[in-house]
Undergrad: 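Okay, here's the structure, questions in a sec.
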Protein chains: 2
Amino acid sequence: MSTYHHGDLPAALLRAAGRTLERRGLAALSLREAARRAGVSHNAPYRHFPDREALLAALAAEGFAMLGERLRGQPGREMGEAYVRFALQQPQRFRLMFGGLVPMTKYPELRNAAQGAYQALIEAFKELPRPELAAAAAWSLVHGLSQLLLDGHFTHTDREAFVRDVLGVVRFAQRAA
Amino acid sequence: MSTYHHGDLPAALLRAAGRTLERRGLAALSLREAARRAGVSHNAPYRHFPDREALLAALAAEGFAMLGERLRGQPGREMGEAYVRFALQQPQRFRLMFGGLVPMTKYPELRNAAQGAYQALIEAFKELPRPELAAAAAWSLVHGLSQLLLDGHFTHTDREAFVRDVLGVVRFAQRAA
DNA sequence: ACCTGAACACCGTTCAAGT
DNA sequence: ACCTGAACACCGTTCAAGT
């Protein structure tokens, strides 16, 4: 048994950090905590992540990959609901992805993951005259709805029905403005 | 000259914290930093704010009040653009308001400020058949657009035109679903 | 009431050192 | 290459004390 505790410490750190994130929130997520959970010294992580931000970037990229999968599995009409469901099921991950803590410009793999998820939306609007605008509007809509729900700005007894109703009230123009 | 440096230390702390927030970001915003800038000892703030979260709550409430004023001054059609403009002009404040760092349930004055801003939107949709749904959808749309722009997910040369186009592509159903 | 200084338990990050 | 322990400068928060 070697002195190296893990065949894959980066993966172990990501798993530990992901668990801490959803269970105890972003505030509790530190490099030291992840190291502790992975059973290594408090600065072993620096061999694999240059700083805390890099760990957050990796977690966010994971999140975009998960989101992309969820969306891609859905028929167009239900994609919006799938987006909101993801946000509500993984609130802390979702906040990390959009909290502005990690500049996408610094992490190409994060940008790629995000664009991958966006692609799923764009696909769904292929048939409309201005698909890129409709997709941007649709993303804005479902993203804003998710965020405002998470923040508690909408308080309705039947959340699912509310989501359906809000999404149902919107039409994307069939003709260029 | 008394030993109390301020007639209104809470206000001084809020001003200092607001400056730090927009200039150096949320990460640099600490109670100790605000105390330093206000010229008091590092735990004088605890006389006025029970903890860091309470200071953030006050800053967020200020933000919703500012946003409400911006919206109320606008004719319906331009309200959405005013919302996005606010987010782009005060990015750090905007993120604080929606970052999930402050649970609205714990701060009634925060909830009131947020609802005040929402009221401006609801007013604008009075004439539609289901105004509350249209307002919720409109808020979601402009909020999501703001957030995604801040995060750098949309990269367009002419930002203002893009915002107009995205908002222009959406219609709110004239008839109940 | 309001403010201070010392103290405690946490961080992120750096450095010199071990295998 | 990969990991460790000591160290530094920061936090939030609590406490006993001063005016």
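So that the names make sense, note that chain A is the first sequence line, chain B the second, and so on, each numbered from 1.
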Undergrad: So, applying ring-ring contact (aromatic ring centres under 6.0 Å, His included) with Phe64(A), which one of Tyr118(A), Phe98(A), Phe86(A) is it?
TA: Phe98(A)
Undergrad: Give the rounded distance in Å between these two atoms: CZ of Arg32(B) and P of dC8(C).
TA: 14 Å
Undergrad: Measure from the side-chain heavy atoms of Tyr46(B) and tell me the nearest of dT13(C), dC11(D), dG12(D).
TA: dG12(D)
Undergrad: Please determine, for the side chain of Leu31(B), which listed nucleotide (dT13(D), dC11(D), dA7(D)) has the closest atom?
TA: dT13(D)
Undergrad: Can you check the Glu33(B) CD to dG12(D) P distance for me, whole Å?
TA: 10 Å
Undergrad: Taking atom types as modelled, is there a side-chain donor on Glu53(B) or Tyr107(B) under 3.5 Å from an acceptor on the other?
TA: yes
Undergrad: From dC11(C), dC3(C), dT13(D), pick the nucleotide closest to the side chain of Ser30(A)?
TA: dC11(C)
Undergrad: Is there a side-chain contact between Arg36(A) and the phosphate of dC11(C), meaning an N or O under 4.0 Å from OP1 or OP2?
TA: yes
Undergrad: Base, sugar-phosphate alone, or nothing: which one does Arg52(B) contact when heavy atoms must sit under 4.0 Å apart?
TA: sugar-phosphate
Undergrad: Nearest 0.5 angstrom please: Gln90(B) CD to Met97(B) CE, how far?
TA: 9.0 Å
Undergrad: Taking a pair as Watson-Crick or G-U wobble with both distances under 3.5 Å, which nucleotide is matched to dC8(D)?
TA: dG12(C)
Undergrad: Rounded off to whole Å, could you give me the CG-to-P distance for the Leu101(B) and dG12(D) pair?
TA: 13 Å
Undergrad: Distance check needed: dC11(C) P versus Leu55(A) CG, whole Å only.
TA: 14 Å
Undergrad: Whole angstroms only, please: what is the CG-P distance between Asn43(B) and dG18(D)?
TA: 16 Å
Undergrad: Do Leu26(B) and Arg95(B) make a side-chain contact, defined as non-hydrogen atoms from C-beta onward lying under 4.5 Å apart?
TA: no
Undergrad: Per the atom types in the model, does the base of dT13(D) pair as donor or acceptor with the side chain of Asp51(B) at under 3.5 Å?
TA: no
Undergrad: Side chain of His42(A) only, heavy atoms from C-beta on: which candidate in dT14(C), dC11(C), dA7(C) is closest?
TA: dT14(C)
Undergrad: Counting heavy atoms from C-beta on, name the nucleotide in dC2(C), dC3(D), dT13(C) closest to the side chain of Arg47(B).
TA: dC2(C)
Undergrad: Distance check needed: dA1(D) C1' versus Asp8(A) CG, whole Å only.
TA: 15 Å
Undergrad: Across all strands, who's sitting opposite dC3(C) as a Watson-Crick or G-U wobble pair, both distances under 3.5 Å?
TA: none
Undergrad: First locate atom CG of Leu31(B), then atom CG of Leu13(B), and finally report the distance between them rounded to the nearest 0.5 Å.
TA: 8.0 Å
Undergrad: Base of dA1(D), side chain of His48(A) - is there a donor-acceptor contact under 3.5 Å?
TA: no
